Visitor: 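First the structure, then my questions, so here it is.
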Amino acid sequence: MDDVTAILDQMNPAQREAVSAPQGNMLVLAGAGSGKTRVLVHRIAWLMQAEGLSPYAVLAVTFTNKAAREMRTRLEALLGISLRHVWVGTFHSIAHRLLRTHWQDARLPQHFQIIDSDDQLRLIKRLLKDYNIDDERYPPRQVQSFISGCKEEGLRPHQVDAHGDAYLSQMVELYERYQLTCERGGLVDFGELLLRSLELLRDNPALLAHYQERFGHVLVDEFQDTNTLQYAWLKLLTGMRTPMTVVGDDDQSIYGWRGARIENIRRFENEFPDTKLVRLEQNYRSTSVILDAANALIRYNADRMGKELWTAGDHGEQISVYGGFNDLDEARYIVDTIRERVAEGFNRREIAILYRSNAQSRVIEETLIRQGVPYRIYGGQRFYERLEIKNALAYLRLLLNRDDDASLERVINVPARGIGTRTVETLRNRARQTGESLWQSLHDATSDGSLRGRAVTSLKAFADLIEQLDNEAAGLSLHEIIDRVNERTGLVEHHRNEKGEKGQARVENLEELVTAAKAFTQGEAFEGVEAGEGMAALEAFLAEAALNAGDHEADEFEDCVQLMTLHSAKGLEFPVVFMAGVEEGLFPHKMSMEEPGRLEEERRLCYVGMTRAMKKLYLTHAELRRLHGKETFQRPSRFLREIPENFMEEVRLRGQISRPVTTSRPSPGLQQNGVEGGADLPSLSLGQRVSHPIFGEGVILNAEGEGERARVQVSFEGEGDKWLVLGFAKLTPL
DNA sequence: TTTCCCGGCCTTTTT
DNA sequence: GGCCGGGAAA
């Protein structure tokens, strides 16, 4: 039993209390950087070693695959044994597992497919067309979020009360039709995975009893991010008798807009019997300046569970605040400072630039490129979400299931093979009348003469292609199937003929898909699936692609500055953090400023951003910003006022750049065209690239004055910033 | 049927 | 500034 105490080694009293608490419900309020994952992992180890809990009896639930993977890896490292059979996974992967195992009880076809939100949206768009519904009044995205919202609340169409409201009734009807389409195609969306698995347990008492019996302890990470459905699912699965350890932080709840219920954390404490509350407040990440500033900011939120981060470490540097006169200047300050810090010895990968919205990254990227600073953008488009990949996957799905209308429609004319919208429309109408799938109506329509000419030939060729591929697939391994699909469908050829480098990249992605498939069958890519040969592996591979779409951390090891949104920064840490665009309307975002609840979420987002920083935090804003192609005057964010001044220092403009007249008065000339140079002078605008005979190429940062005497400030590569008089300097716009 | 151009739109994102 | 969708032209 001596290794039992080893589990508690090097832990602070609160951590130790959480890890070694006797079995029972426990809520761990874990502040940022308080060693949350460590506590969770050690808790599981403790339960197994000190309480004698069988590895089979553990269920650990996370939100992302990454978190699940990390938990498993760390647990294996701690215990020194393989834990492949332990149930550690995301809500969705666990729900998926239940549905695959009990597909009959769940009233699903054996080979049901998972669709992502993109597929879902396409399906909805088609539905609206099919039923001739005005997509101005019912925008597809709104319909989608209505349907997802219902599922997240655990509601089926008949359970939604429209109060006789025409708009809502229509929505409910769309939900119902959408659901029918999914059922017919054997399609399950993300919300459906959870809702269906909840219903599976709810409607099969024996099954429920089995799992309630099986799991001896359930652990949940990021509990503040659970939605109503996930909460209900946990409640059902544990019967509120199986003890739970849930870990969360109400101050880091930033996903309310996608259904997360911050109040679940309070509800848990009240509803689940004898819940023990443990607070982890000691922070191992940041300096006390950063923590005190973050604590002060978050105090402006009402109704918190209450928590104050502290550190035994250093006071640290003040938070630097820089107000640029425009977004270019802000970017330049950030990049200049990064270069200084790198020269001092920081690695680039230790530095992160965080922003509220993706659009902000462009200007920063351009500046980084100009100054030759390598960077990497986090997030962005995922591999399995790329157009060419989704097309290939759609063909693969058709191999498994011809009745998958969404996939069929996606690729029936990709690459173009003469099956236009009119032809597809005919098929759709027919399918709607007969209640059959598109695949079936394709066959009917080509044989009974209701379509003629070229359409029939093309449709037959398409059907033959699919059948042939299916036949050939029988003897092939997974990656061979995919390779053949890429070639035989003409997808590779199609992209090879595309002009520009885009096509080349797409061809490479298709090849990468083959490589990924090879890796998938070779390694045990994920638990519970015996990756067999060919078609059997294909099904597993497709599920993996849908559930684990985000796995693309390729050049992680290159030394790059890290760029990402504040949302994607959650859970990460960096020695040096820049938060850019700390301005009213941008952060807090104007869409979230009206409602107090949403404003508080913005504040939590700011809190999350600040607490990413270990040693040094920079907050920057700009007075004038180009947003959606328009110049806007911006005011510093209220969050800057909410952080006590004594933690911050204002950065002085270096080099005494005089503040240009043009930024302090709204000049229509500047806003539309920049500097009007007069008849024979070039017309220039802020941010424009220009070339100078001596200084070379640069970018216009600033401008003042008019006509011949107008001056512009240009940032030249290698030469620094210079003020030039337009009448003399020979500037050529690029 | 396909391609190209124009106008309107614009927060955050995982599964 | 860039993306998407719709409509018109080829």
Side-chain angles (χ1 to χ4, degrees), chain A residues 61-68 89-96 114-121 125 129 135-136 139-141 145 148 151-152 188-195 197 222 225-227 229-230 253-260 327 354-363 365-366 378-382 384-385 387 413-424 454-455 458 498-499 543-551 564-571 581 585-593 598 601-602 604-606 608-609 625-631 685 687:
Chain A
V61 195
T62 64
F63 275 85
T64 65
N65 292 299
K66 197 177 158 202
T90 63
F91 278 103
H92 290 88
S93 73
I94 287 162
H96 177 228
I114 302 167
I115 58 170
D116 65 20
S117 9
D118 185 57
D119 301 325
Q120 187 184 34
L121 187 65
K125 281 180 185 166
K129 275 225 177 73
D135 59 2
E136 303 255 301
R141 290 201 178 274
S145 77
S148 305
K151 290 191 177 182
E152 274 156 18
V188 172
D189 62 41
F190 289 134
E192 188 71 20
L193 280 173
L194 292 170
L195 182 49
S197 80
E222 305 278 19
D225 289 339
T226 52
N227 61 33
L229 181 55
Q230 286 156 340
S253 160
I254 55 174
Y255 286 116
W257 50 274
R258 64 174 199 212
D327 45 356
L354 312 181
Y355 36 81
R356 176 66 238 266
S357 67
N358 287 305
Q360 284 171 259
S361 76
R362 212 196 84 255
V363 175
E365 280 183 76
E366 283 168 3
Y378 238 72
Q381 225 202 0
R382 277 152 229 291
Y384 287 104
E385 283 168 9
L387 173 117
N413 199 31
V414 177
R417 47 173 75 91
I419 305 173
T421 40
R422 288 272 299 280
T423 309
V424 176
R454 237 186 336 204
S458 312
E498 234 173 2
K499 48 182 184 258
E544 163 83 0
L547 282 175
N548 215 346
D551 244 14
M564 67 194 80
T565 62
L566 286 151
H567 281 92
S568 15
K570 189 173 155 215
L586 192 59
F587 191 32
H589 198 275
K590 61 175 181 301
M591 308 285 238
S592 307
M593 280 175 19
R598 301 186 63 184
E601 185 157 302
E602 294 281 309
R604 290 194 291 269
L605 189 56
C606 187
V608 167
R625 180 177 296 277
R626 232 192 151 96
L627 266 177
H628 319 308
K630 261 210 191 107
E631 307 252 56
S685 55

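Within every chain, numbering begins at 1; the chains are lettered A, B, ... in the order of the sequence lines, protein sequences first and strands thereafter. Predicted, not measured: the structure shown is a model, and the values here were computed from it.
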Visitor: Less than 3.5 Å between a donor and an acceptor, one on the side chain of Ser117(A) and one on the base of dT15(B), is that the case here?
Guide: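 Yes, a donor-acceptor pair under 3.5 Å.
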
Visitor: By centroid distance (under 5.5 Å) and plane angle (under 30°), are His589(A) and dT11(B) in a stacked arrangement?
Guide: yes

Visitor: In terms of side-chain heavy atoms of Ala416(A), which of dT12(B), dT13(B), dT2(B) is nearest?
Guide: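 Closest of the options to the side chain of Ala416(A): dT2(B).
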
Visitor: Please report the distance, rounded to the nearest Å, between CD in Glu365(A) and P in dG1(C).
Guide: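 Spelled out: CD on Glu365(A) to P on dG1(C) is 15 Å.
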
Visitor: So, OP1 or OP2 of dT12(B): does either fall under 4.0 Å of a side-chain N or O from Ser592(A)?
Guide: no

Visitor: Determine the minimum heavy-atom distance between Met593(A) and Pro588(A), stating which atoms define it.
Guide: SD-O, 3.5 Å

Visitor: Between the side chains of Arg362(A) and Glu365(A), is the shortest nitrogen-to-carboxylate-oxygen separation below 4.0 Å, so that they form an ion pair?
Guide: no

Visitor: So which nucleotide from dT12(B), dT1(B), dT15(B) ends up closest to the side chain of Trp257(A)?
Guide: dT12(B)

Visitor: At less than 4.0 Å, is any side-chain N or O atom of Asn358(A) found next to OP1 or OP2 of dG2(C)? Yes or no.
Guide: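 No, outside the criterion.
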
Visitor: Categorize Asp189(A) for me: base, sugar-phosphate, or nothing, with a 4.0 angstrom heavy-atom threshold over every strand shown.
Guide: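 No contact at all - Asp189(A) keeps every heavy atom at 4.0 Å or more from the nucleic acid.
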
Visitor: With nearest nucleotides of DNA chain B determined for Arg598(A) and Asp116(A) from heavy-atom distances, which residue corresponds to the more 5′ nucleotide?
Guide: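 Closer to the 5' end of DNA chain B: Arg598(A).
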
Visitor: Which atom names give the shortest non-hydrogen contact between Glu601(A) and Trp257(A), and what distance separates them?
Guide: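 Scanning both residues completely, I find the closest heavy atoms to be OE2-CD1, 3.0 Å.
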
Visitor: Atom OH of Tyr355(A) to atom C1' of dT12(B): distance rounded to whole Å?
Guide: 12 Å

Visitor: To the nearest angstrom, how far is Leu354(A) atom CG from dT11(B) atom C1'?
Guide: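 Distance check: Leu354(A) CG to dT11(B) C1' gives 16 Å.
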
Visitor: In whole angstrom, give the distance that lies between atom CZ of Phe63(A) and atom C1' of dT15(B).
Guide: 10 Å

Visitor: How would you list, by chain and number, every residue that makes a salt bridge (charged side-chain N to carboxylate O under 4.0 Å, His left out) with Asp116(A), sequence neighbours excluded?
Guide: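 Scan of Asp116(A) (salt bridge (charged side-chain N to carboxylate O under 4.0 Å, His left out), adjacent residues dropped) gives Lys390(A).
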
Visitor: For the side chain of Thr423(A), counting heavy atoms from C-beta on, which of dT1(B), dT15(B), dT13(B) is nearest?
Guide: dT1(B)

Visitor: As a test of reading the structure: which of dT15(B), dT12(B), dG1(C) is closest to the side chain of Arg626(A), going by heavy atoms?
Guide: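 So the side chain of Arg626(A) is nearest to dG1(C).
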
Visitor: Output all residues satisfying side-chain contact (heavy atoms from CB on, under 4.5 Å) with Asn227(A), sequence neighbours left out; order by chain, then residue number.
Guide: Glu152(A), Leu229(A), Gln230(A)

Visitor: State which of dT12(B), dT11(B), dT15(B) makes the closest approach to the side chain of Glu602(A).
Guide: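 My answer, after comparing the listed nucleotides, is dT11(B).
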
Visitor: Using modelled atom types and a 3.5 Å cut-off, is there a donor and acceptor pairing between side-chain atoms of Glu366(A) and backbone atoms of Val363(A)?
Guide: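 No, because the side chain of Glu366(A) does not come within donor-acceptor range (under 3.5 Å) of the backbone of Val363(A).
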
Visitor: With nearest nucleotides of DNA chain B determined for Tyr255(A) and Gly418(A) from heavy-atom distances, which residue corresponds to the more 5′ nucleotide?
Guide: Gly418(A)

Visitor: Over 60° means perpendicular and under 30° means parallel, so tell me whether His92(A) and Phe190(A) are parallel, tilted or perpendicular.
Guide: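 If you compare the ring of His92(A) with that of Phe190(A), the planes turn out perpendicular.
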
Visitor: Are there any protein N/O atoms within less than 3.5 Å of an N/O atom in nucleotides 5-10 of chain B, and if so, which ones and at what distance?
Guide:
none

Visitor: Rounded to whole Å, please give me the gap between NE2 in His567(A) and P in dT11(B).
Guide: 13 Å

Visitor: Going by the glycosidic torsion and a 90 degree boundary from 0, is the base of dT12(B) oriented syn or anti?
Guide: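 In terms of base orientation relative to the sugar, dT12(B) is anti.
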
Visitor: Please state the P separation for the pair dT13(B) and dC4(C) - nearest whole angstrom.
Guide: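 Comparing P positions in dT13(B) and dC4(C) gives a spacing of 16 Å.
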
Visitor: So which protein N/O to nucleotides 3-10 of chain C N/O distances come out below 3.5 Å?
Guide:
{"residue": "dG5(C)", "atom": "OP1", "partner": "Lys125(A)", "partner atom": "NZ", "Å": "2.5"}

Visitor: Please state how far atom CG in Asp225(A) lies from atom C1' in dT12(B), giving the value in whole angstrom units.
Guide: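 Interatomic distance, CG of Asp225(A) to C1' of dT12(B): 13 Å.
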
Visitor: Strictly distance-based, threshold 3.5 Å: is any side-chain N or O of Arg356(A) a donor or acceptor partner for the main-chain N or O of Leu586(A)?
Guide: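 Not confirmed, Arg356(A) side chain does not pair with Leu586(A) backbone.
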
Visitor: Any donor and acceptor pair, going by atom type alone, linking the side chain of Asn65(A) with main-chain N or O of Leu547(A) inside 3.5 Å?
Guide: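 At least one qualifying donor-acceptor pair exists.
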
Visitor: The criterion is side-chain hydrogen bond (donor to acceptor under 3.5 Å, both in side chains); which residues satisfy it with Ser197(A), sequence neighbours excluded?
Guide: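 Trp233(A).
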
Visitor: With sequence neighbours excluded, tell me which residues meet side-chain contact (heavy atoms from CB on, under 4.5 Å) with Asn358(A).
Guide: Tyr355(A), Thr565(A)

Visitor: Rounded to the nearest Å, what distance is computed from the CD atom of residue Glu152(A) to the P atom of nucleotide dT15(B)?
Guide: 14 Å

Visitor: Using whole Å, report how far CE of Met564(A) lies from C1' of dT11(B).
Guide: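 In whole Å, dT11(B) C1' and Met564(A) CE are 18 Å from each other.
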
